[in-house]
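Just so you know, ligand 1 is whichever comes first in the structure, and atom 1 is the first atom listed for that ligand.
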Amino acid sequence: MPFIVAIDGPSGTGKGTVTSYLAKKLKLMYLDTGATYRCVTLKLLNEKVSFDDEEKIKEILKNTNIEFNKNKVFLDGEDVTLEIRKDPVNNNVSQVSHILEVRKAMVDLQRKMSEGKDVILEGRDIGTNVFPNANVKIYLDASVDERVKRRLKQNQEKGIKSTEEEVRKNIEFRDNNDKTSTVGPLRQAEDAIYVDTTDLSIKEVEKKLHKIIKSKKRDEKWIERGYITTKNTWMKRLRRKFIKGFLATLYHIFYRVKITGLENLELNEGFIICANHINYLDAAAIVLLNKKFIRFVAKSDLYRIPIISFLGHTFDVIPIKRGKNDLASIKMCLKALKNNEILGIFPEGTRKGLQKNVKVKNGAVFLAAKAKAKIVPVGIGGTFKLFSEVRINYGEPIDIMKYKTDDPDWIDNASQEVMNKIVELTDKK
Ligand code: DC
């Protein structure tokens, strides 16, 4: 699985320097997406194309070749590394980057260049648009005052004459342009880590980001292991049996367990158990306190914790990446159902989802419909205070196809029906 790091933020935050350092240090391919927009700008200027001439721009884009090689940028085979940093490009690139056709073509190009590679990209819309599923997203920021100071220093070093007022105006203009653009606006992705670099030196930023990415990389390694279902050897079965027996005994010591409806698990085919989720221990109750082998579907982040990862592997828990279209996970679930295995899913998606008013997730019904599998609802009751009563009430299997209608929302509606059934069962004493 490729590892993708997205670094976004306004200009003057040190993105370029930091990203190029991190690429070397972490052995990632470095992609400066701003340079792709700069290349197009240079070509449009060279060919004197009006920025309003959509047809001509489309044609130019079709016949443009942008490549990166050893820290150099090539436009149609020509080295333009220095050229794209000069004023004619500087003064027009923002406008060009907001042309819809240019944007589409550059996003496609950036994705193609990154395909199958471990890569770090810097830009404005990487985490939000180019790679919304990136493994790490960082949003670098700094106050306008600090960015003005940095740009002035940079200009001085390059021998470029500029006043503070000019630089400030330029930065404020570009910020506004980037943030209010209707195409690929600069904005922090919801799951991005915000790093304010105002009071940090470049070295400090590099160190901080290096630490963040390294730890994410380590986590990803653990998580990826979760997607490998090891063979069900007799050793593994024995380990599972032993651990299951041991943990079930503990469960019976610490809780007064009452179970009803176990006969509903006697189906001769793969099916899905759907329960309410009030505590981490309710998944354990379902997995440990019956004779069946039940594979839970759980958020992949849990695989980061070594002990949970060990238990996850023992009980073949299927990881799922939250908020992402996790095809690998869906495939694992469908395969398991086809193999007549039993899956466990919490339609609330999170603990106490119902109380938090979280919309019921439709994954279980989606899988059941795809695999033509039944859903067994389970209501779990109790407070999970030590030595208190825990009630596990299994309901009759539901054939969700009976809810199927022409309404495109039928899966959502059926998911709600399943949830209602679960809630009914939690009240059963
Ligand atoms: O990072 P830079 O200054 O080289 O970027 C040049 C321009 O391209 C800048 O005005 C913002 C724009 N850009 C963009 O819109 N989206 C990106 N992913 C990267 C840059």
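Contact check for Tyr37 versus Ser94: no side-chain heavy atoms found under the 4.5 Å cut-off. Two residues are said to be in side-chain contact when any heavy atoms from C-beta on lie closer than 4.5 Å; Lys374 and Glu269 meet this criterion. Counting heavy atoms from C-beta outward, Asp118 and Lys27 have side chains that stay 4.5 Å or more apart. Here the side chains of Glu348 and Asn276 are in contact, with some heavy-atom distance below 4.5 Å.
Around NZ of Lys331, the count of heavy atoms belonging to other residues, nucleotides or ligands within 6.0 Å does not exceed 12. For Gln156, the CD atom counts as loosely surrounded, since its 6.0 Å shell holds 12 or fewer non-hydrogen atoms of other residues, nucleotides or ligands.
Classification of the Tyr280-His277 ring pair by plane angle, with boundaries at 30° and 60°, yields perpendicular.
If you check which protein heavy atom lies closest to atom 1 (O) of ligand 1, you get Arg124 NH1, 3.2 Å. Scanning the protein heavy atoms around atom 10 (O) of ligand 1, the nearest turns out to be Ser94 CA, 3.5 Å. For atom 16 (N) of ligand 1, the nearest non-hydrogen atom of the protein is Arg103 NH2, 2.9 Å. When hydrogens are left out, the protein atom nearest atom 20 (C) of ligand 1 is Gly34 CA, 3.5 Å; that is the closest non-hydrogen contact.
Taking any N or O of Thr33, backbone or side chain, at least one lies under 3.5 Å from an N or O belonging to ligand 1. Backbone and side-chain nitrogen or oxygen atoms of Arg174 are examined, and one is located within less than 3.5 angstrom of a nitrogen or oxygen of ligand 1. Looking at ligand 1, you won't find any N or O of Asp32 less than 3.5 Å from one of its N or O atoms. An N or O contact shorter than 3.5 Å is missing between Lys15 and ligand 1 by distance.
Contact annotation: for Arg38 versus ligand 1, heavy atoms closer than 4.0 Å belong to the side chain alone. With a 4.0 Å cut-off on non-hydrogen atoms, Gln95 does not touch ligand 1 at all. Of the heavy atoms in Gln110, none comes closer than 4.0 Å to ligand 1. Residue-level proximity to ligand 1 for Ser11 is absent, since no heavy atom of it falls below 4.0 angstrom.
For ligand 1, the atoms lying closer than 4.0 Å to a non-hydrogen atom of Arg85 are 4 (O).
For the residues Val93, Leu31, Val40, the heavy atom positioned nearest atom 8 (O) of ligand 1 is part of Val93.
Judged by distance alone, the side chains of Asn362 and Asp412 do bring a donor and an acceptor atom under 3.5 Å apart.
What you find for Ile422 and Cys274 is that their closest heavy atoms are CD1-O, 3.4 Å.
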